[in-house]
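Just the heavy atoms: all of them, side chains too, but no hydrogens, waters or symmetry mates, feed the values below. Quick note on labels: first sequence line is chain A, next is B, and so on, each numbered from 1.
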Amino acid sequence: MELDIKYNPASVEDKWYAYWLEHKFFHSEPDNRPSYTIVIPPPNVTGILHMGHVLNNTIQDVLVRHARMNGFNACWVPGTDHASIATEAKVVNKLAGMGIKKRDLTREEFLKYAWEWKEEHGGIILEQLKKLGSSCDWDRTAFTMDEPRSESVMKVFVDLYEKGLIYRGLRMVNWDPKAQTVLSTEEVIYRDEKSKLYHLRYYVADADVNPVVPTAEEGEVLHKDENGRYYAVVATTRPETIMGDTAMCINPKDPKNQWLKGHKVIVPLVGRVIPVIEDRYVDVEFGTGCLKVTPAHDVNDYALGKTHNLETIDIFNPDGTLSEAAGLYVGQDRMDVRKQIAKDLEAAGLMEKVEDYDNKVGYSERNRDTAVEPRLCKQWFLKMKHFADIALPPVLDGKITFHPSKYVTTYRNWLENIQDWCISRQLWWGHRIPAYFLPVEEGAEEQFVVALSLEDALAKARAIKGYENITADQLVRDEDALDTWFSSWLWPISLFDGINNPGNDEIKYYYPTNDLVTGPDIIFFWVARMIMAGEEYLKDVPFSNVYFTGIVRDKLGRKMSKQLGNSPDPLNLIATYGADAVRLGMLLCSSAGNDVLYDDSQVEQGRNFCGKMWNAFRLVQGWTVDQNAAQPQASRLAVEWFDNLLSQTVETVEDHFSKFRISDALMTIYKLFWDEFCAWYLEAIKPVGGLNMDPATYSATLGFFDKLLKLIHPFMPFITEELWQALAQRKEGETIMLQDYPKAASYDKELIANFEIAKETIANIRNVRQSKNLSPRESLGIVVENFPASVLPVVARLANIEVLEGETSGSAVSFMVGTSKISIELAGKINVEEELKKLEADLAYQHKFLASVRGKLSNERFVANAPEAVIAGERKKESDCLERIAAIEASLKALK
RNA sequence: GGGAGCAUAGCUCAGUUGGUUUAGAGCAUCUGCCUUACAAGCAGAGGGUCGGGGGUUCGACUCCCUCUACUCCCACCA
């Protein structure tokens, strides 16, 4: 097989990916082998690949390929998520561009557009994952809204409702005015914001009938205007909500505001008279200690309203504009009203002052520019206490391991303070809630049934007293859809149809899955809830390990985002550098749980490594074998050494894999290939004059190459397949993907250590050459003492030296490697003065070292307390040091 | 406000139950090389008082306390 001079990733990658698909190497069916399963964190169906996906999916692919080569029946199940809010928003936007408003469409019409959009854009991301080399079982590609998944969601909803775990409740919820839907508490992200704190005047309303009487208490603060009218000052960040004020609240113990007790005050501009109520909730230290109470638009105010029986005035429309109930600014957007009302209050003399203020504002996780509005409405909730109880033990007991483990605390904290999950969304794109409302009299309690089908619903409705004769067309199905995560949490189960077909062969074989690779940002949204669903429906964990990846940032540490334009397009990167290079670049800098600071230079390093592999292969491939050639000593030794080193390294790699230290495993292999194999091994065995090679070395080298390629394959699947295919005559249908991963074997530590001495010696000799300006071509003579003779041929080969017998002349340069002494014969080529200086310096250092070691050894407490091995080590240091001193002194003497 | 994490070379990070002198790696830097696989390369070199302070110990990058800086998560202070 002819190889190009340069590695060309593009053609190689497409070729082998097609080959893998054609032979269905990614496909898995249950069999007798142990299973290894990963379910993909389903990307948004209309999403496109970004750097976070690259990181996440590269790691998954490494794990899957590694498991596959280790004899597991590996199954990586891909799929996409319908992403209710995000996708619906995209469709709404697209329709808006066509001049169509969502509210002018029926549900059916809207969904038709939505599905069209999904067909058009859906799954692009899966094609992009293929470019990365992902070895997913594409035959199993799923979608959270396809038939089996939807059916599972419905069944689970009905089941949980029947178990009494799902209920309908009137609650203060988080409202996204842009998407016009409620959000769960987890979908609200709080951001620090520079805002204003408006201090408003609330005049006392009843001063004429109920005069303000200063109590003359210490610390009392009265406000009186130039006309002698008393007023309270309320600090608020949201002046636009004053139309909803139904009380003002003070802390009964607040000395500043004692005089307000029992009074009524006037809401500025609005003119409504509201009572002053007392509650210990109010923070005496904040502002003036006077709190405006708007029960309809603030969670705390709602609670206050409940305890104090206050009226609730909802002044907002669902889209965030002011409603009729507000009386003022009707139809204007809340944010515009805030600016306007501030001006109007100022003009009316009702604004005491305005301060700069830092506060936290909740935004919608999906519409990040939209501040959420607390809103009172009736929604569907899932009781979480039960789920927290079943989801906590497996993580605390270690049945599930988090990598890194610090997330256990986060997980536990959340579960221990869990709130009920609001699962309904006012969206059409999603799983429609299987609840049916029955007709009721005006003002009566709502009546509904929950059922999988209209027929079931009708039967259930008819069982209710007074509804015996109800007809199907009188049942009104709930308009709302379920939170996307209500389908995602079933993913590891629903992918194997474990809800619809409990106990089927696939769910039994693939569940629990093995590893989950995801970001810590969805630990609550997804990870925790999958554990809940797993425990609830299969009485078993959904996975054994969770590998949390970090966030991909640019090299300045900024999060990658479209707005900043600091996110490279992964497909461009793949086109420029090759998928293997991108994978390697990403992995090199990603230890579990740490953020990844991405820089192109890492991908360049990946590309360079591909080049290195390619060229090493070309070198080996260029050799021809002379069956009669004898194996040189140096080659024999190098083969033996590398064989042992390979075993040792495989052991290290296995250890790294077992601890999910993926980047360490990769770096270990990287160095083995580049530093050990290329820089030392190949250089040692390279035929000197021509291309002829002895058969023993040649076949050993091919064997090493084979193993190295297999070791690298999970990380860099394409180039390893290309080279492995070229390494020997392969049959159609053969692949490196399905070869056995190299296994650790015993190795000779001493042999490896001796070779290290040889390497160090060679490096020293090269160093001497460089500093003395001696050409590498010029052979030098050396004399060695206390040197492992077995490795001398390698030193001779790589340092271009001859080993001399006997003594060196006076002008030799000596150095120590461990306790071995090497002297280079340099008659007439050296500066004796300089050498003397060097040796003196070395000698001084050795003496200092000796003193420190002896200091330790003469410390009785050290000798008494330290383990024997440590003491023995110190003694060895001492004797070695003495040897070195003797050797240096001998050299000095010879030089003089 | 509560909690967690991190602080080691110019940069990004290892350092796995405390025990090798001179604390490692990759990248970057510097020097010399177009040596017939590879200049996307080869051969070398320099670079750190392990954030500050205190403590435990024969011995601390490692364990404890404290301070400082940064990051993240959680929380209803208007």
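Residue A/Arg884 places its side chain closer to B/U21 than to any other of B/A14, B/A43, B/U21. The nucleotide whose nearest atom lies closest to any side-chain atom of A/Lys877 is, among B/A37, B/U20, B/G44, B/U20. Of the candidate nucleotides B/C27, B/A40, B/A45, B/A40 has the atom lying nearest to any side-chain atom of A/Asn608. You'll find that the side chain of A/Lys6 is closest to B/A40, out of B/A37, B/U31, B/A40. Side-chain proximity of A/Lys671 to the nucleotides B/A14, B/A37, B/G26 is greatest for B/G26. Taking the side chain of A/Gln770 as heavy atoms from C-beta on, and the options B/C27, B/G32, B/C73, the nearest nucleotide is B/G32. Of the candidates B/G19, B/A78, B/A75, B/A78 carries the atom nearest the A/Asp283 side chain, counting heavy atoms from C-beta on. Comparing B/C58, B/G3, B/C38 by their nearest atom to the side chain of A/Asn413 picks out B/G3. Taking the side chain of A/Asn767 as heavy atoms from C-beta on, and the options B/G44, B/A14, B/G19, the nearest nucleotide is B/G44. Considering only the side chain of A/Met667, B/G26 comes nearest among B/C38, B/A14, B/G26.
Nucleotide B/A4 forms a Watson-Crick or G-U wobble pair with B/U71, both donor-acceptor distances falling under 3.5 Å. The partner of B/G59 cannot be assigned: no Watson-Crick or G-U wobble pair with both contacts below 3.5 Å exists in any strand. When both distances must be under 3.5 Å, the Watson-Crick or G-U wobble mate of B/U35 does not exist. With a cut-off of 3.5 Å on both Watson-Crick or G-U wobble distances, the partner of B/U29 is given as B/A45.
No donor-acceptor distance shorter than 3.5 angstrom exists from the side chain of A/Thr294 to the backbone of A/Ala296, with no hydrogens or angles considered. Counting only distance, with no hydrogens or angles, the side chain of A/Ser405 and the backbone of A/Phe402 share no donor-acceptor pair below 3.5 Å.
The CD atom of A/Glu760 sits 8.5 Å away from atom CD1 of A/Ile822, with the distance rounded to the nearest 0.5 Å. Distance check: A/His308 NE2 to A/Asp301 CG gives 11.0 Å after rounding to the nearest 0.5 Å.
Note on A/Arg861: a side-chain N or O is less than 4.0 Å away from OP1 or OP2 of B/C58. Checking the phosphate oxygens (OP1, OP2) of B/C27, no side-chain nitrogen or oxygen of A/Trp674 falls inside 4.0 Å. The side chain of A/Arg661 places an N or O atom within less than 4.0 Å of a non-bridging phosphate oxygen (OP1 or OP2) of B/G15. In this model, the phosphate group of B/C77 is not approached by any side-chain N or O of A/Asn300 to a distance below 4.0 Å at OP1 or OP2. Considering only side-chain N and O atoms, A/Lys612 lies nowhere under 4.0 angstrom from the phosphate OP1 or OP2 of B/A37. Listed pair A/Tyr357 / B/A78 meets the phosphate criterion, a side-chain N or O lying under 4.0 Å from OP1 or OP2.
With both ends at atom C1', the span from B/U31 to B/A39 equals 16 Å, rounded to whole Å. Between the P atoms of B/G47 and B/C63, the separation comes to 29 Å (whole Å). Rounded to the nearest Å, the gap between the C1' atom of B/U22 and that of B/A45 is 15 Å. Between B/C77 and B/C13, the distance separating the two C1' atoms is 41 Å to the nearest Å. Comparing B/U71 with B/A7, their C1' atoms are spaced 11 Å from each other, to the whole Å. When the C1' atom is used for both B/G2 and B/G15, the distance is 32 Å, rounded to whole Å. For B/C50 and B/A4, the C1' atoms lie 23 Å apart once the distance is rounded to whole Å. Comparing the P positions of B/U17 and B/G10 gives an interatomic distance of 28 Å, to the nearest angstrom.
The base of B/A37 sits with one of its N or O atoms less than 3.5 Å from a complementary donor or acceptor on the side chain of A/Glu683.
Residue contacts for A/Arg607: at a heavy-atom cut-off of 4.0 Å it reaches a base atom on one of the strands shown. Residue A/Ala763 is in sugar-phosphate contact alone, with no base atom involved, counting any heavy-atom pair closer than 4.0 Å across all strands shown. Contact annotation for A/Pro867: base contact, defined as any heavy-atom pair under 4.0 Å involving a base atom. Using a 4.0 Å heavy-atom distance criterion, A/Cys678 is classed as a base contact. Nucleic acid contact class of A/Phe617 (heavy atoms, under 4.0 Å, all strands): none. Using a 4.0 Å heavy-atom distance criterion, A/Val293 is classed as making no nucleic acid contact. Using a 4.0 Å heavy-atom distance criterion, A/Lys292 is classed as making no nucleic acid contact. Across all strands shown, A/Asn865 has heavy atoms under 4.0 Å from base atoms, whether or not it also approaches the sugar-phosphate. Residue contacts shown for A/Lys360 include a base, since a base heavy atom lies under 4.0 Å away. The residue A/Leu291 sits close to a base: some heavy atom pair falls under 4.0 Å. Within 4.0 Å (heavy atoms only), A/Tyr302 reaches no atom of the nucleic acid at all.
In this structure, A/Phe286 atom CZ and B/G1 atom P are separated by 14 Å, rounded to whole Å. Rounded to whole angstrom, the span from the CZ atom of A/Phe673 across to the C1' atom of B/A37 amounts to 11 Å. Rounded to an integer number of Å, the gap from A/Asn692 CG to B/U36 P is 19 Å. Between A/Phe548 atom CZ and B/C73 atom C1' the separation is 12 Å, expressed in whole Å. Across the protein-nucleic acid pair, A/Arg769 atom CZ and B/C33 atom P stand 16 Å apart, rounded to whole Å. In this structure, OH of A/Tyr411 is placed 16 Å from C1' of B/C74, rounded to the nearest angstrom. Straight-line distance from the CD atom of A/Glu416 to the P atom of B/G2: 19 Å, rounded to whole Å. Rounding to whole angstrom units, CZ of residue A/Phe862 and C1' of B/G18 are separated by 13 Å.
A donor and an acceptor atom, one from each side chain of A/Glu416 and A/Tyr411, are nowhere located under 3.5 Å apart.
In summary, A/Arg201 and A/Glu352 engage in a salt bridge, as defined by a charged side-chain N under 4.0 Å from a carboxylate O. Salt bridge absent: A/Lys6 and A/Asp4 never bring a charged side-chain N and a carboxylate O closer than 4.0 Å.
Taking the six-membered ring where the residue is Trp, A/Tyr7 and A/Trp614 present tilted rings, their angle falling between 30° and 60°. Aromatic ring pairs are classed by plane angle as parallel below 30°, tilted from 30° to 60° and perpendicular above 60°; the pair A/Phe677 and A/Tyr681 is parallel.
Along RNA chain B, the nucleotide nearest to A/Leu619 and the one nearest to A/Arg553 differ in position, and the one closer to the 5' end is contacted by A/Leu619. Each of A/Ala679 and A/Ser601 was matched to the nucleotide of RNA chain B holding its nearest heavy atom; the match closer to the 5' end belongs to A/Ser601.
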